[in-house]
Protein chains: 4
Amino acid sequence: MDPKLTRQQAIREAKQNLILDAARELFSCKGYHETGLEDIAARAGFSKAALYSYFADKEDIFLHLALRELDTLQSKMCQCQNENQPPFVNLECMIKAVFETFGEHFSLLLQLSNFSIAAIHTQSKRQQMHKHYALRLRGMLHEFTGAFAACRKLGKIHTSVSDENCARYLSGMIKSVFLKWRLEEKVGDVEKEIDSIMHFITSGVAGDPR
Amino acid sequence: MDPKLTRQQAIREAKQNLILDAARELFSCKGYHETGLEDIAARAGFSKAALYSYFADKEDIFLHLALRELDTLQSKMCQCQNENQPPFVNLECMIKAVFETFGEHFSLLLQLSNFSIAAIHTQSKRQQMHKHYALRLRGMLHEFTGAFAACRKLGKIHTSVSDENCARYLSGMIKSVFLKWRLEEKVGDVEKEIDSIMHFITSGVAGDPR
Amino acid sequence: MDPKLTRQQAIREAKQNLILDAARELFSCKGYHETGLEDIAARAGFSKAALYSYFADKEDIFLHLALRELDTLQSKMCQCQNENQPPFVNLECMIKAVFETFGEHFSLLLQLSNFSIAAIHTQSKRQQMHKHYALRLRGMLHEFTGAFAACRKLGKIHTSVSDENCARYLSGMIKSVFLKWRLEEKVGDVEKEIDSIMHFITSGVAGDPR
Amino acid sequence: MDPKLTRQQAIREAKQNLILDAARELFSCKGYHETGLEDIAARAGFSKAALYSYFADKEDIFLHLALRELDTLQSKMCQCQNENQPPFVNLECMIKAVFETFGEHFSLLLQLSNFSIAAIHTQSKRQQMHKHYALRLRGMLHEFTGAFAACRKLGKIHTSVSDENCARYLSGMIKSVFLKWRLEEKVGDVEKEIDSIMHFITSGVAGDPR
DNA sequence: CATGAATGAGGGTTCATTCAT
DNA sequence: CATGAATGAACCCTCATTCAT
């Protein structure tokens with residue numbers, strides 16, 4: 001009975017992910033409000049009503065999608081922590097992780113950030129989920145912060161700007177690249193962008209004393 | 001006849017601005033889709049139908065709001081260009097302009113960026129307005145770019161990162177601050193934030209060699 | 001004081017007629033519901049609100065228009081009664097009167113007939129006006145009926161069909177011509193049409209024994 | 001699978017017809033603009049939104065209704081073509097078909113004619129439907145024309161009036177009867193009316209030489 | 001579990017009508 | 001008397017959500 005259950009569980013989870021994949025595609029392309037449940041269902045190969053077997057809400061879908069993506073991101077970022085590597089390399093790795101995770105769906109991250117704007121009116125159970133959600137969002141910041149802290153500990157950072165702020169700025173910079181891509185309607189050269197960002201981070205506009 | 005007409009025109013414009021003020025408040029607080037025309041009208045002291053005397057659409061309201069805000073911003077930024085000032089001071093002044101312009105309505109800028117995402121599908125006359133809109137959005141980038149270029153010309157910048165990218169990064173950093181404020185649901189200390197940003201920009205994490 | 005009053009009265013009436021002219025144009029072209037008060041006002045050279053100085057309602061405008069047109073028609077038809085003419089000539093004259101009266105605005109007559117459909121829900125004072133209106137509509141029928149009766153009295157008519165029915169049929173036939181014109185979007189040759197109608201009336205499809 | 005599908009299709013069609021029945025009732029009674037979708041839905045036993053599962057628009061409902069009624073009419077008229085019958089009997093049969101088809105909803109036919117007036121401004125796909133619609137409207141004329149032509153071929157008709165005009169006049173006459181009924185707010189004696197019309201058609205006012 | 005059908009709540013928009021100037 | 005501005009009521013339509021099958 002147990003293996004049967006787990007298999008069913010697995011199937012269920014697979015279908016959930018199918019739905020989330022469809023949602024990711026559409027949300028990142030058209031935005032949250034412009035995407036209808038019917039669209040998602042159609043793209044996932046389900047009927048609109050079927051979605052409600054897997055998620056409670058439209059919002060629930062978005063939230064789970066956010067959670068999934070952010071978890072993926074965080075796990076990738078964690079893998080970048082390698083004490084044997086020079087500290088900035090770890091940071092660069094993390095940035096690359098962001099680009100890789102959101103890859104084609106770059107604009108999704110933009111929406112994630114903005115979503116919390118509209119979603120404050122919700123309540124009770126949803127509040128909890130929002131907490132998770134906000135937590136993960138900070139997760140990225142947290143990882144970045146950690147990376148900066150590590151660099152600082154190794155004497156590579158002397159700025160008076162707090163690690164947390166550095167992390168925040170970095171995430172803003174990354175989003176600015178995503179935004180450029182969206183407006184240009186095409187993905188750019190990831191390597192170059194990361195390089196450029198690293199240059200800017202390490203020495204600002206002053207030039208690279210590394 | 002002429003003075004009478006201009007006065008009436010002025011009144012009309014004033015009312016338009018009242019509506020836009022209401023819209024700014026609500027859009028920046030609840031987001032575009034969550035804000036109903038009824039809300040805007042009520043807050044502006046009009047009836048829903050009255051809005052249509054001043055704007056063609058809900059979208060039209062948003063677009064005009066965006067134009068107004070971005071124009072205000074640009075004019076403020078332009079005023080920062082002072083050749084007698086040290087170049088970075090000009091830049092700092094521009095950043096301050098952004099903070100001042102969006103002040104309480106910080107999250108509005110975030111929405112502006114995202115709005116263009118969903119709005120590409122529109123048509124004809126509106127397309128023109130969208131162009132204006134996108135143009136102004138780039139306006140901010142343009143000003144920043146110019147400021148960086150000026151600094152570079154004066155030998156204050158040696159980074160290999162292009163002025164345009166610097167500008168982009170900077171605007172991303174500013175937005176990251178706005179986002180923090182939104183999540184914390186309160187405006188922070190502008191002076192400190194600007195200081196922090198300036199530090200980061202000038203020398204990155206390496207520390208301040210200024 | 002009296003001549004002054006009458007002059008003012010005259011002006012007022014003239015303006016009323018201007019409005020009715022505009023209404024006739026638009027109602028006959030676009031139909032009652034598709035025509036807005038703003039359209040009428042604009043074409044008449046007034047502001048929308050001004051219409052309410054002259055008429056109580058949109059419906060009131062239509063009703064007065066109907067009355068005016070139908071009165072014109074009736075007076076023209078009355079003038080056709082000439083005892084010295086052969087009876088069928090009188091009838092033909094009346095038909096011509098209809099074509100002349102509605103001339104360019106042929107489709108207006110179609111709408112007049114149909115208007116009573118939607119307008120039954122009205123009340124009190126309006127009821128009275130409706131009576132007038134219905135009365136005039138029957139007016140045309142009445143005139144035709146009279147013409148047929150006259151012919152019959154002179155031994156030119158032997159059909160068992162009542163004069164009233166003949167009149168009704170005739171008016172239906174006329175409208176059918178108007179309808180053709182409308183669908184073809186152009187006025188046809190009035191003379192020919194009248195001729196054709198007269199032929200049909202006098203001897204039906206059997207051929208003309210006149 | 002096939003029978004299941006056809007059954008579902010049948011149910012769907014039945015519901016569509018329920019809606020059209022409700023629409024016929026209300027349109028013919030109150031007119032197009034005075035009838036709200038809510039009214040139609042309520043009378044058909046649906047919610048307003050449900051209508052949109054079956055029809056695209058309010059206009060779409062009207063158009064489909066028109067098509068249905070006119071198709072019914074045409075098929076009935078076609079069945080009247082019987083070579084073994086005396087030709088005028090066929091014509092009479094066709095007239096009866098019109099009365100039977102529109103029966104209680106006599107005023108609907110009046111509206112059909114008028115609707116095409118306002119509906120020229122529409123677009124693309126709808127244009128096609130409008131064509132169908134106009135085609136069917138002419139359909140009735142066409143059948144009548146054919147009937148007259150048949151009579152003429154058999155030497156029963158010698159009038160110089162063209163078959164087409166005869167048909168047009170006839171349809172006008174029929175509508176005039178419908179209009180009488182509407183104003184009297186009751187259906188009259190169909191047999192008598194048809195008789196009267198036939199008399200008039202065959203020999204006009206001259207009297208019946210048949 | 002999956003679906004087609006149905007719904008309620010709400011949104012944007014129009015327009016005849018009123019009122020202050 | 002004439003008007004620009006404002007309104008309220010109504011309309012059409014959409015969409016997330018539910019329910020019977």
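In what follows, every chain begins at residue 1, and chains take the letters A, B, ... in the order their sequences are listed.
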K.L.:
How many whole angstroms separate atom CG of D:D60 from atom P of F:dT14?
P.N.:
12 Å
K.L.:
Test of understanding: with side-chain contact (heavy atoms from CB on, under 4.5 Å), list the residues that count as partners of D:D60, not counting sequence neighbours.
P.N.:
D:F55, D:A56, D:D57, D:H64, D:M129
K.L.:
Measure from CD on C:Q9 to C1' on F:dC1 and round the result to the nearest Å.
P.N.:
14 Å
K.L.:
Starting at the 5' end of nucleotides 5-11 of chain F, put B wherever the base has a protein heavy atom under 4.0 Å, S where only the sugar-phosphate does, and a dash everywhere else.
P.N.:
SSBB---
K.L.:
Can you name the side-chain contact (heavy atoms from CB on, under 4.5 Å) partners of A:A50, sequence neighbours left out?
P.N.:
A:F46, A:S47
K.L.:
Could you state the CD1-P distance from A:I61 to F:dC15, rounded to the nearest angstrom?
P.N.:
15 Å
K.L.:
Identify the two heavy atoms, one from C:I40 and one from C:I19, that lie closest to each other, and give their separation to 0.1 Å.
P.N.:
CG2-O, 4.0 Å
K.L.:
State which residues pass side-chain contact (heavy atoms from CB on, under 4.5 Å) with B:Y32; sequence neighbours excluded, sorted by chain then number.
P.N.:
B:F27, B:K58, B:E59, B:F62, B:Q111, B:F115
K.L.:
Using the salt bridge (charged side-chain N to carboxylate O under 4.0 Å, His left out) rule, collect all pairs that involve residues 19-29 of chain D, keeping only residues at least two apart or in two chains.
P.N.:
D:D21-D:R24, D:D21-D:R68, D:R24-D:E69
K.L.:
In this structure, how many angstroms lie between the P atom of F:dA20 and the OH atom of A:Y52, rounded?
P.N.:
17 Å
K.L.:
May I have the distance from B:I40 (atom CD1) to E:dG11 (atom C1'), rounded to whole angstrom?
P.N.:
12 Å
K.L.:
List the atom of A:A44, the atom of A:L18, and the distance in Å for their closest heavy-atom pair.
P.N.:
CB-O, 4.0 Å
K.L.:
Nearest whole angstrom, please: distance from the P of E:dT21 to the CD1 of B:I11.
P.N.:
11 Å
K.L.:
In this structure, how many angstroms lie between the P atom of F:dC15 and the CD atom of A:E59, rounded?
P.N.:
18 Å
K.L.:
Treating a pair as Watson-Crick (purine N1 to pyrimidine N3 plus N6-O4 or O6-N4) or G-U wobble (N1-O2 and O6-N3) with both distances under 3.5 Å, list the stems of 3 or more consecutive pairs that involve DNA chain E.
P.N.:
E:2-21 with F:2-21
K.L.:
Determine which pairs satisfy salt bridge (charged side-chain N to carboxylate O under 4.0 Å, His left out) with at least one residue from residues 38-52 of chain C, sequence neighbours left out, and list them in order.
P.N.:
C:K30-C:D39, C:E38-C:K48
K.L.:
Going by the rule side-chain contact (heavy atoms from CB on, under 4.5 Å), which residues pair with C:Y52 if we only count those two or more places apart in sequence or in a different chain?
P.N.:
C:L37
K.L.:
Provide the closest heavy-atom pair for A:I61 versus A:A23 in the form atom of the first, atom of the second, distance.
P.N.:
CG2-CB, 3.8 Å
K.L.:
C:I19 has an atom CD1; how far is it from atom P of E:dA16, in whole Å?
P.N.:
15 Å
